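The structure appears below as structure tokens.
For clarity, every value in this text was computed on a predicted model and none was experimentally measured.
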Amino acid sequence: MTEELKNKVKMFISKTGYPLEQRVGHYLQEMGWRMFHSIEYKMGDKRRELDLLCYKIINGRRVEIRISCKKSEKPWILFTEKDHYIKYGDKLKRTPVIVNHDINRKLPLLLKDLFLFKHNRNSINFTVMSNGKEARSLMMDGLLSPINSVFHRTYPHELTMDSRGTIYFYLTILDGFLFESFYDPEMDEDVVNYINYGQWETEMDFSYHAKEIIHYSGEYIDFGEINNAFGK
């Protein structure tokens with residue numbers, strides 16, 4: 001093996017997301033999380049891969065962090081708006097899904113120190129500073145991969161019958177630059193800021209048409225309530 005070939009391999013690896021994936025995995029393992037790399041999952045008929053899945057048992061609950069790692073030489077840009085809505089507990093994705101509006105009202109206050117609840121700007125759109133469509137597709141894949149990886153959990157019996165109790169966090173970790181852009185009406189101009197954290201909301205559609213499903217308690221509940229609690 002020549003030194004030239006070794007340097008070419010190192011150069012190739014440096015342009016991928018694998019070193020970032022290993023660094024993140026190592027850090028979380030040091031923090032006591034149980035780590036799994038390159039988790040395969042099925043999305044319809046297609047086989048996909050999640051970069052990292054880690055979990056830890058906290059207060060009797062299984063807490064999962066599902067992570068996509070992306071390296072990009074092109075800056076990512078989030079178009080954001082101030083979040084004017086009251087923070088609600090259905091932002092925290094958990095199974096079994098419990099339709100309890102009182103708990104959902106209290107959760108943001110109890111968990112107010114989490115970025116999930118104290119961040120006050122939501123992304124309404126996004127782009128990559130590139131003319132190519134592939135760069136935006138890379139960003140889209142990075143955002144959706146952690147969410148899509150729980151597709152197998154979104155059948156009704158899975159949503160309501162999770163005996164172990166699971167809380168899900170979806171993260172996309174970027175090795176690159178992240179900016180936000182928003183319109184400031186007082187200055188009448190577009191503001192651009194460098195940021196190290198942003199939130200993007202999406203919705204997950206369920207292929208299920210029944211009006212009611214059985215809950216772990218044995219009662220039948222409205223599926224629309226379940227969809228609202230976990231699907232967005």
Side-chain angles (χ1 to χ4, degrees), residues 1 5-76 78 91-96 114-116 119 123 126 128 130 134-155 158-159 162-178 195-202 204 230-231:
M1 182 181 70
L5 177 58
K6 179 181 175 180
N7 289 333
K8 284 183 178 179
V9 171
K10 289 181 69 174
M11 181 65 71
F12 169 77
I13 292 172
S14 70
K15 294 180 179 180
T16 71
Y18 298 118
L20 175 63
E21 177 184 326
Q22 288 189 294
R23 285 171 171 79
V24 172
H26 178 76
Y27 172 78
L28 288 171
Q29 200 163 18
E30 290 291 308
M31 297 295 291
W33 293 83
R34 176 82 167 133
M35 290 300 311
F36 298 92
H37 291 259
S38 304
I39 305 301
E40 283 197 355
Y41 64 92
K42 288 189 71 175
M43 185 71 181
D45 294 330
K46 296 181 179 178
R47 301 192 75 83
R48 306 293 301 274
E49 187 177 280
L50 176 69
D51 292 332
L52 294 170
L53 168 62
C54 61
Y55 78 88
K56 184 190 285 190
I57 304 300
I58 302 175
N59 294 332
R61 277 270 194 172
R62 176 185 168 99
V63 180
E64 288 188 2
I65 308 179
R66 293 171 175 257
I67 303 172
S68 175
C69 296
K70 293 295 180 185
K71 180 178 176 64
S72 176
E73 296 178 358
K74 307 290 186 181
W76 289 17
L78 303 178
K91 284 184 178 290
L92 186 71
K93 302 309 174 190
R94 59 202 191 274
T95 54
L114 292 181
F115 275 127
L116 183 66
H119 193 68
S123 304
F126 56 85
V128 181
S130 169
E134 290 183 4
R136 181 178 163 87
S137 297
L138 176 75
M139 186 176 187
M140 176 68 84
D141 181 70
L143 291 170
L144 287 180
S145 180
I147 300 170
N148 289 338
S149 69
V150 296
F151 186 80
H152 69 285
R153 301 285 289 156
T154 58
Y155 294 100
E158 293 279 4
L159 289 170
D162 182 8
S163 59
R164 64 188 175 184
T166 307
I167 296 172
Y168 305 85
F169 290 96
Y170 312 121
L171 295 180
T172 302
I173 299 179
L174 173 68
D175 182 1
F177 294 104
L178 180 64
I195 56 175
N196 55 23
Y197 177 81
Q199 286 182 191
W200 179 61
E201 293 189 9
T202 186
M204 181 179 289
F230 197 87

Within the structure provided, determine whether Y27 and E30 are in side-chain contact (heavy-atom separation under 4.5 Å).
no
Do L171 and P146 touch side chain to side chain, with heavy atoms closer than 4.5 Å?
no
Does NE2 in H37 sit with more than 12 non-hydrogen atoms of other residues, nucleotides or ligands closer than 6.0 Å?
yes
Do Y170 and S68 have a side chain donor and acceptor closer than 3.5 Å?
no
Quick check: are there more than 12 heavy atoms from other residues, nucleotides or ligands sitting under 6.0 Å from CD of E73?
no
Does N196, at its CG atom, have more than 12 non-hydrogen atoms belonging to other residues, nucleotides or ligands within less than 6.0 Å?
no
Any non-hydrogen side-chain atom of L20 less than 4.5 Å from a side-chain atom of K71?
no
Which donor-acceptor pairs under 3.5 Å do side chains of residues 51-58 form with protein atoms, sequence neighbours excluded?
| unit_1 | atom_1 | unit_2 | atom_2 | d |
| --- | --- | --- | --- | --- |
| D51 | OD2 | C69 | N | 2.7 |
| K56 | NZ | M31 | O | 3.0 |

Give the intermediate values and the outcome of side-chain contact (heavy atoms from CB on, under 4.5 Å) for residues L143 and M139.
CA-CA 6 Å; L143 291 170; M139 186 176 187; 4.3 Å; yes
Is there side-chain contact between I147 and T202, with heavy atoms separated by less than 4.5 Å?
yes
Take atom CZ of R61 as the centre, draw a 6.0 Å sphere, and report whether it contains more than 12 heavy atoms from other residues, nucleotides or ligands.
yes
Can you name the residues that form a side-chain contact (heavy atoms from CB on, under 4.5 Å) with H119, not counting sequence neighbours?
R121, Y197, Q199
Ring pair (Phe, Tyr, Trp, His ring centres under 6.0 Å) with F126: which residues, sequence neighbours excluded?
W200
Looking at CG of D175 and CZ of R23, how far apart are the two atoms once the value is rounded to the nearest 0.5 Å?
8.5 Å
Would you check if Y41 and V150 make a side-chain contact, meaning some heavy-atom pair closer than 4.5 Å?
no
